[in-house]
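Taking it in order: structure first as structure tokens, then the write-up.
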Amino acid sequence: MRQITHEAVQHLAQLSSLQLSNDEVDNLQKDISNILGYIEQLGQLDTSHVAPTYQVTGLSNVWRDDVVSSGEIDREELLALTTETHDHQIKVPKVI
Amino acid sequence: MSKIVEIVGAVGSGSSTARQQVEAAIERAKTTKDYNALLSLSENRALERADAIDKKIKRGEDAGQLAGVPFVVKDNFLAYGAPTTAASKMLQNFQAPLQATAVERLEDEGAICIGKANLDAFAHGGSTENSAFGPTKNAADTTKVAGGSSGGSAVAVALDIVPFALGTDTGGSIRQPASFNGVVGVKPTYGAVSRYGVVAMASSTDTIGCLTNTIEDAELVMDIISGRDINDMTTLPDFFTPVVAPKPAQKIGLIKESMGSATDPEVRARILEYAETLKAAGHIVEEVSMPILEHAVAMYYVIVPAEVSSNLARYDGVRYGHRATNAATLAELYGRTRDEGFVTENKRRIMIGSYVLSSGYFDAYYQQAQKARTLLIDAYTILFDSYDVLLTPVAPMPAFGIGEKAEDPVQMYLTDLMTVGPSLAGLPAMSIPAGHTDAGLPVGAQLVGPARSDAALLALAKTIGDK
């Protein structure tokens with residue numbers, strides 16, 4: 001069965017923007033190894049001449065009319081959903 | 001007998017009022033609080049809407065097909081009057097700025113949303129134990145799980161708090177709790193119902209459906225919520241038209257692989273009895289084989305986590321939802337917000353998704369699963385060339401004990417064995433009550449049909465009835 005290392009779990013957490021505690025990493029290491037062990041069975045299937053399916057509706061290029069819409073929600077209503085604003089903008093920690 | 005028709009009749013004729021219906025439903029919700037089926041009640045808004053409907057009726061105006069009928073929605077539907085939490089700390093205080101299309105369509109017909117039902121956080125789970133606000137207890141036995149992820153919706157209907165509830169079904173989340181609580185659960189054809197205003201989980205299999213006590217009620221609700229929506233480009237033109245007289249002598253395939261030793265003997269017995277009832281009604285039931293089904297859970301737990309990791313990337317603490325305090329950098333804000341806001345199962349799925357999508361593993365896992373999905377769809381297509389409907393149990397077992405499977409995610413995933421196939425193929429599937437175990441736990445039979453055969457499936461189920 002595939003074993004995933006502690007470091008690999010930390011790397012996955014970083015890719016997933018999850019800042020985990022060491023205990024959490026240990027537990028997830030066990031769970032993720034078990035899950036990967038289970039899904040590995042897919043390798044037994046011969047799919048060499050099979051195309052992948054990404055969606056099942058068969059719909060393509062569904063357009064709406066090209067008209068401007070606010071979705072009936074105004075800016076202040078949306079800004080009220082966040083905790084930190086400044087001058088009608090959302091505030092985040094310094095990036096650079 | 002339709003409970004919805006009964007209520008609409010009573011409210012319309014003046015022998016009851018919408019207010020009385022809403023007050024009675026809220027009273028029932030309060031007396032059954034120990035089940036933890038509902039996370040919130042939108043009492044004030046519901047009563048205001050009820051009064052407006054009663055006024056309309058008094059004036060002799062058309063108040064809609066569902067005038068005065070109370071209902072609840074799973075708490076991943078955006079609705080006014082209460083927060084939309086997705087049973088997570090991430091969205092604990094989130095007040096929706098808009099309503100889901102499905103909720104709007106029901107309200108346009110006079111139905112009244114009285115509250116929000118519990119679920120596994122972000123609909124990740126099959127027991128409602130992953131709710132950040134505690135598990136929901138099974139309606140038949142409070143030591144057992146409600147099933148999930150629409151556990152609260154199923155229990156609210158089973159306890160008769162409301163005649164119907166909305167749920168979401170990505171891999172069995174309507175059908176399995178319906179089976180565990182002895183109610184009807186409908187997962188429609190992919191694209192039948194708009195997902196606008198519903199918290200996204202896995203976009204290629206997410207569907208919206210309903211849980212009811214009778215098949216007639218499910219038919220009525222599906223008829224109203226189905227159809228094209230400009231805000232959800234995956235919706236199909238409305239194809240749902242209730243079927244009055246189902247096709248006689250239908251050919252029904254009982255899938256052998258769902259009836260093996262891994263399935264509880266009492267569940268198998270109830271399904272065989274259901275098959276006998278179908279035969280007695282003039283239908284033909286034959287055993288069919290679908291070997292690829294045994295790999296469906298593995299496909300599902302590659303494809304769905306991949307889509308989950310993408311859909312849940314939006315919860316970063318910036319625009320809405322939980323925000324970690326005192327973060328020094330943006331990366332720390334994201335990382336701590338997500339660590340604090342998600343439950344363990346959310347993290348597992350996001351990380352599995354990141355893994356199967358990462359370069360080096362993409363072909364071996366994600367691409368291979370999507371190819372296997374084609375094989376699965378092909379297997380259904382071949383069976384539907386010869387059969388009208390496929391029959392399986394909904395779940396391999398009746399409701400299990402609270403805590404019993406919580407420590408082992410793979411064991412928990414295996415409870416989805418029979419429900420994930422129709423999800424990956426986009427097929428309509430429903431859970432119909434098929435009796436009980438000796439211990440009194442409900443068992444559900446799953447009927448699966450070709451795409452867009454939703455109404456025909458309900459019509460077939462209606463002729464057999466719900467036990």
Side-chain angles (χ1 to χ4, degrees), chain A residues 4 8-9 11-21 24 27-28 30-32 34-59 61-65 69 71-74 77-84 90-95, chain B residues 94-95 97-98 190-191 204 230 233-234 236 292 295 297-299 301-302 309 313 316 318-321 323 327-336 338-339 342 344 347-348 350-356 358 364-365 367-375 377 408-410 413 424-426 451:
Chain A
I4 182 165
V9 175
H11 177 63
L12 275 181
Q14 199 190 347
L15 285 176
S16 308
S17 287
L18 287 165
Q19 195 168 311
L20 304 178
S21 68
E24 272 184 299
N27 288 331
L28 285 164
K30 184 177 85 146
D31 292 346
I32 291 172
N34 287 340
I35 294 166
L36 293 176
Y38 181 76
I39 62 181
E40 260 181 5
Q41 61 178 276
L42 293 175
Q44 300 160 16
L45 295 169
D46 178 9
T47 57
S48 46
H49 302 288
V50 182
T53 297
Y54 295 110
Q55 62 110 325
V56 294
T57 60
L59 297 172
N61 293 345
V62 179
W63 309 110
R64 65 164 173 79
D65 292 336
S69 164
E72 289 162 27
I73 306 167
D74 69 36
E77 239 180 304
L78 290 177
L79 283 170
L81 296 174
T82 183
T83 45
E84 293 187 42
I90 296 170
K91 214 171 138 185
V92 293
K94 202 171 168 182
V95 181
Chain B
F94 179 69
Q95 294 286 346
L98 54 91
Y190 180 84
S204 84
I230 191 81
M233 291 309 191
T234 61
L236 301 166
I292 187 81
H295 299 291
V297 171
M299 296 173 209
Y301 282 98
V302 173
S309 72
D316 56 11
V318 174
R319 290 155 301 154
Y320 52 85
R323 179 176 182 134
T329 66
L330 196 57
E332 190 192 336
L333 175 69
Y334 294 162
R336 280 186 30 223
R338 290 164 65 78
D339 184 43
F342 290 134
T344 303
K347 296 174 192 175
R348 271 187 210 118
I350 291 169
M351 289 168 71
I352 291 284
S354 298
Y355 184 86
V356 300
S358 54
Y365 289 101
Q367 191 83 340
Q368 177 70 358
Q370 299 285 33
K371 287 179 178 174
R373 183 185 200 173
T374 306
L375 296 175
I377 292 170
D408 187 344
V410 173
Y413 294 173
L424 290 167

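Remember, predicted model here, so these are calculated numbers, not experimental data. As a basis for the values below, the full set of heavy atoms in this structure was taken, side chains included, without hydrogen atoms, waters or symmetry mates. Below, chains carry the letters A, B, ... as their sequence lines are ordered, and counting in each starts from 1.
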Any residue meeting side chain to side chain donor-acceptor pair (under 3.5 Å) with A:Ser17, in chain and number order, not counting sequence neighbours: none

Toward chain A, the part of B:Pro409 with a non-hydrogen atom under 4.5 Å: side chain

Side chain, backbone, both or neither of A:Ala13 within contact of chain B (heavy atoms, under 4.5 Å): both

Contact origin within A:Ile90 toward chain B - heavy atom pairs under 4.5 Å: side chain

B:Asp339 vs A:Glu24, side-chain contact (heavy atoms from CB on, under 4.5 Å): CA-CA, chis, key distance, verdict: CA-CA 10 Å; B:Asp339 184 43; A:Glu24 272 184 299; 2.9 Å; yes

Contacting moiety of B:Ile350, where chain A heavy atoms sit under 4.5 Å: both

Full working for side-chain contact (heavy atoms from CB on, under 4.5 Å) between A:Leu12 and B:Ile352: CA-CA 8 Å; A:Leu12 275 181; B:Ile352 291 284; over 6 Å; no

Segment of B:Ile292 engaging chain A (4.5 angstrom heavy-atom cut-off): side chain

Pairs of heavy atoms under 4.5 Å with chain B: top-ranked of A:Leu15, A:Asp31, A:Leu79: A:Asp31

Toward chain A, the part of B:Arg348 with a non-hydrogen atom under 4.5 Å: both

Heavy-atom pair count under 4.5 Å with chain B, highest-scoring of A:Val9, A:Asp46, A:Asn27, A:Leu20: A:Leu20

Most chain B-contacting option - heavy-atom pairs closer than 4.5 Å, from A:Asp65, A:Ile73, A:Leu81: A:Leu81

Atom pair CG (A:Leu36) and OH (B:Tyr355), whose distance is rounded to the nearest 0.5 Å: 5.0 Å

Where A:Tyr54 and B:Arg373 come nearest, the two heavy atoms and their spacing: O-NH1, 3.8 Å

Exam field: side chain B:Thr374 to backbone A:Thr53, donor-acceptor pair closer than 3.5 Å: yes

Per-residue contact mode, B:Ser354 against chain A (heavy atom under 4.5 angstrom): both

Part of A:Gln14 lying under 4.5 Å from any heavy atom of chain B: neither

Part of B:Ile230 within contact of chain A (heavy atom distance under 4.5 Å): side chain

Max heavy-atom pair count under 4.5 Å with chain B, selected residue of A:Arg64, A:Gln41, A:Lys94: A:Gln41

ring-ring contact (aromatic ring centres under 6.0 Å, His included) partners of B:Tyr190, counting only residues at least two apart: none

Closest-packed option against chain A by number of heavy-atom pairs under 4.5 Å, given B:Asp408, B:Leu98, B:Val297, B:Leu424: B:Val297

Most contacts with chain B, counted as non-hydrogen pairs under 4.5 angstrom, among A:Thr83, A:Val92, A:Thr47: A:Thr47

Any donor-acceptor pair under 3.5 Å from B:Gln368 side chain to A:Leu45 backbone: yes

B:Val410 portion near chain A, given a 4.5 angstrom heavy-atom threshold: side chain

Chain A contact via B:Val356 - side chain, backbone, both or neither, heavy atoms under 4.5 Å: side chain

Backbone N/O of B:Val318 and side chain of A:Thr82: donor-acceptor pair under 3.5 Å: yes

Side-chain donor or acceptor of B:Arg338 paired with backbone N/O of A:Ser16 under 3.5 Å: yes

Closest heavy-atom pair and its distance - A:Leu42, B:Met299: CD2-CG, 3.7 Å

Max heavy-atom pair count under 4.5 Å with chain A, selected residue of B:Arg336, B:His295, B:Gln367, B:Gln95: B:His295

When B:Pro97, B:Ala364, B:Ser204, B:Gly426 are compared by non-hydrogen pairs under 4.5 Å with chain A, the top option: B:Pro97

Closest non-hydrogen atom pair between B:Phe342 and A:Leu18, with its separation: CD1-CD2, 4.0 Å

Test side-chain contact (heavy atoms from CB on, under 4.5 Å) applied to A:Leu59 and B:Met233, step by step: CA-CA 9 Å; A:Leu59 297 172; B:Met233 291 309 191; over 6 Å; no

Under 4.5 Å from a heavy atom of chain A, the part of B:Ala313 involved: neither

Residue part contacting chain A, namely of B:Ala451, when any heavy atom lies under 4.5 Å: neither

Gap separating the OH atom of B:Tyr413 from the OH atom of A:Tyr38, nearest 0.5 angstrom: 11.5 Å

Partner chain B: residue of A:Ile35, A:Leu28, A:Val95, A:Leu78 with the largest heavy-atom pair count (under 4.5 Å): A:Ile35

